[in-house]
Structure formats: structure tokens, C-alpha cells
**Q** 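The structure follows.
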Amino acid sequence: MTAGESMGDREGPDWWPLAEPFKIKVVERLRRTTREERAELIRRAGYNLFNLRSSDVYIDLLTDSGTSAMSDTQWAALMVGDEAYAGSRSFYRLKEAVEEVMGFPYVIPTHQGRAAENVLFTTLVKEGHIVPNNMHFDTTKAHVEHRGARALDLAGEWAYDPVADLPFKGDIDLELLDRALAEHGEAVPFVMITVTCNSGGGQPVSMANIRGAAEICRRRGVPLFLDAARFAENAYFIKLREPGYADVSIRDIVREMFSYADGCTVSGKKDALVNIGGFIALRDGDLYRRATVWAVLFEGFPTYGGLAGRDMEAMARGLEEVVDEDYLAYRIEQVAYLGRRLKEAGVPIIEPVGGHAVYLDALRFLPDLPREEFPGQALAVELYVEGGVRGVEIGTVLAGRDPETGENRYPRLEMVRLALPRRVYTCRHLDVVAETCQRVLDRRGEVVGLEFEEEPPVLRHFTARFRRVPRSAVGET
Ligand SMILES: *Cc1c(COP(=O)(O)O)cnc(C)c1O
């Protein structure tokens, strides 16, 4: 940051400079590459950023999942991990942390979030069921469908409007929820709310909305679960934006959020600040006992569930560190800071900025590229060539083809997601990201589109190879 400017100075007697609330004890060297090297590296990678080696990336914003920097106390915790097969001390540490932070007495550790979904959904979801959610995350949807059930997204219209400037765009539509429960009755095993709403850009869900959904669920006799990967980031938005919560502590907000739920699934790779891990937390002992049967089959004995004792130990500390208000202020403000820098540079982004990523609007960024030439992917490639920055396309490449017609599906938005790993990059790194975007914007007329060289039949974005469309071809087809 330059002098006189910080991520979020607050005026008045509470003024507090929101710089990183930590100092750096261990560093990881970043290799600098030249533009020529990067142009060659991305060409050899088939213009697909997933094919790059991380050592060839300068600032890696591919995902915030499993990429957090652990604290000194988390690293120290690894050493005291108890690797007992049954009854590990580290399991009890995790159980206590979950009960303290979230208020749930029963915990099943799993190796990551989707494994928690697998265990819980195998216990509760049957063929023909319908599972409502504000917006299912990919693996959550896949696990519902794997059980022969239907995943129903019930976020309101507002969640799909890229420019609607609303405080809680992740809210589930309570009217639609009530109607769905009335209509499908017994076929709904539970309702789920994802906090923050990942597939909706990390947008938060309000306390009033969670409370309202819980009331509807209780009236209809249906359990409510939270998909709580980013529960602490959600809590910070509630403190910041929801009337009545400015003076409530994050711990109390988190406790209230979970008080409305019967349990949750958690990917520890996000707000639990670890590189691998997850868990299910539950209020009901009977459901816990039913779920442990599947946990043993899929993950491991219920007191380790696919994790080493040291992993549970580190996750327990992560849960306590993530509800620290200084950390959350830094975290949410850092994402907002990148958003502000980009806006100042005239870079089109999706607003408001969510909790873990900034999304570039590729259609406004590269208005001259036809959608058949994948402007989102082309933009992600240019950011790498320009500054060694790796983001990810969230657009046509990701959306795949319609299985019936075989045609490309063109989603409403063509985006590049810049996801921020937790506690990893400084604001100066983010300045470089903003400068990189600005430099590409300044020469956007030169950016060329892409076409497939190799297109895998499923999940094509991970392994596809592209080539650049020759400039002369543009406009001729
Ligand atoms: C990441 C994530 C998952 C899946 O967790 P993994 O640890 O990647 O298996 C589920 N739901 C949400 C909202 C997520 O962000």
C-alpha cells in the first residue's frame, strides 16, 4: 500500500488501520518469469491455466480452497497431534472447538467437505427426494444427484443480477422455499443454506433470512442444515451490514447463525484455515449414530474420519482463529480493497464484491470478442501472460455443452474469478494484480480469442487444450 492509504481506514475515535493483523515468520519464494517465458509456458499448457505448474505462477488466485497459510500455533499443533486410532485426544480438541464456536455437540471429521456431504446425504437422501438450497455448490449438487434426488436452487432473482447492489445477495427466497415445502412435502429430507453463497460469488446470507428459513422448516417439520464452508466470512458481513448486529461479537453472531440449524457440513479448506479437512456437526444424537455407520465405511473410524490426528488439531485451532474480528476485518477488507483498486482502474467487475473473490466481467472487459471465442478464458490467459497472475474462467468453458443438443451452453455471465487465499498475499501483491488487469485493459484490442484443440467430454475446463484464433479469422465466420 502506498502512504496515506490503507485497506479500510475507519474515521473517528475508532480509527484503526486495517493492515495485515499478523507478521510473517516463514516465507515461500516466488519465481519471477519474463513475459516471453510466460507466453511460451501458456502456449505449451494449451492455453489452460489448470495445466500450468504452480512454480510458473507469480500470484495464484485459482482458488481459496486449501490454500490458506496456517498460523504458528497451527503448525505447533501438528506436533501435538494424537495419532491414536480410537479416542484420539485431537478428536476431542476438535469436538470441543466445534461445540464452543458453533454450538453443536456431535462431530464427525471427514477428509474434506464433499466427504461430509457424502456421509450426510447417504444417511438422509433417497431416490426421488428433492433438496432445496439457496444455491448448491458443484459437489453438493453432484452428491444430491448421486443419491437419485433433485437439487433445487431457490436463491431469489437478485442473486442472478450481476449489478444489483444489495447487502445479502445470497439469501434464499423464503416464498419459494415455503411453496417448495408445501408442494413436495415428505419428499424433502432437509433444506440447506450455503453461507456464504459460493456459486453466487461469495455473497452473504442475512441472519433474518436464516431465521426465516428455520421458521418455515420448523413449521413444516423439515430439518435445516448449513453448508458452512465460509461461515465466519458470512458472520462478518452480518456484523457489517445487518441492522442490530454492529455491536454483537462475531462469536455471538456465529452462535446465533448455527442456533437456527440442525447441523452443518463444513469444508475445512476454507474458513477452518487448513489445507485439508472437513466435518459434519450435528445437534441430534440419533442422527449422529446413523451417520457414523456411513462415516466408518467411507472415511474411517468416527474419531478420525479420514484425517490424521494432527490435521484435526490444526483444524480445531483454525476454527478459533477464524472468528477473530481483526482477522475477519482484514480478510473481508482485503477482498474489497482489490475490488476498489480494479474499479479505480476502470476494470469491469461484478458488484458488490463477495467474501472470498473478485469476479471480472469478461463481456464488458472484451466486448469485441464473440462468445464462441471464450472471452473469459481469453482474459484469464492474458492476465497470466501480462503479470503471471492465475485466475479461473467461470463462463462458457466451465458451463460445458447441452447434453441434448451438443451445443455450447452460454451462461448469463462470462467471468474470471480472482479468489484470494487466506493470509497468503499482501496488499502490494493485490496492487500488482490490479496493475496487471489495467495493463490488459489498456491493450484489450490486441486480445485474441480461443478455440478448442482438444475438448474432453466431461468437466472439460480442467483438461481442455485451446489454440489462439488467428486475428484475420475474427468476423469472417
Ligand atoms: C469447497 C466447498 C465444498 C466442498 O468442499 P471440499 O473440501 O472442496 O470437498 C462444499 N460446499 C461449499 C460451499 C464449498 O465452498
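For this chain, numbers begin at 1 and follow the sequence in order. Counting starts at 1 for both ligands and their atoms, in listed order. What you see is a predicted model; the values in this text were computed from it and never measured.
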**Q** Could you tell me whether Tyr47 and Tyr384 have their ring centroids closer than 6.0 angstrom?
**A**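 Between Tyr384 and Tyr47, which both carry aromatic rings, the centre distance is not below 6.0 Å.
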
**Q** Whether the Thr73 and Glu321 side chains hold a donor-acceptor pair (N or O, under 3.5 Å, no angle test) is what I'd like checked.
**A** yes

**Q** Angle class for the Trp294/Phe298 ring planes (parallel below 30°, perpendicular above 60°, tilted otherwise)?
**A**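 Judged by the thresholds at 30° and 60°, the geometry between Trp294 and Phe298 is parallel.
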
**Q** I'd like a table of donor-acceptor pairs (distance under 3.5 Å, sequence neighbours excluded) in which one partner is a side-chain atom from residues 175-188, with atom names and distances.
**A**
unit_1, atom_1, unit_2, atom_2, d
Asp178, OD1, Arg220, NE, 3.2
Asp178, OD1, Arg220, NH2, 3.2

**Q** Report all protein residues having a heavy-atom distance below 4.0 Å to some atom of ligand 1; order the list by chain, then number.
**A** Gln112, Gly113, Arg114, Glu117, Phe137, Thr139, Thr140, Thr194, Asn198, Asp227, Ala229, Arg230, Ser267, Lys269, Lys270

**Q** Have Glu414 and Thr396 got a donor and an acceptor in their side chains that come within less than 3.5 Å?
**A**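 Judged by distance alone, the side chains do pair up.
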
**Q** Would you call Arg409 and Asp402 a salt bridge, using N to O less than 4.0 angstrom?
**A**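 Judged by the 4.0 Å cut-off on N to carboxylate O distance, Arg409 and Asp402 do not form a salt bridge.
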
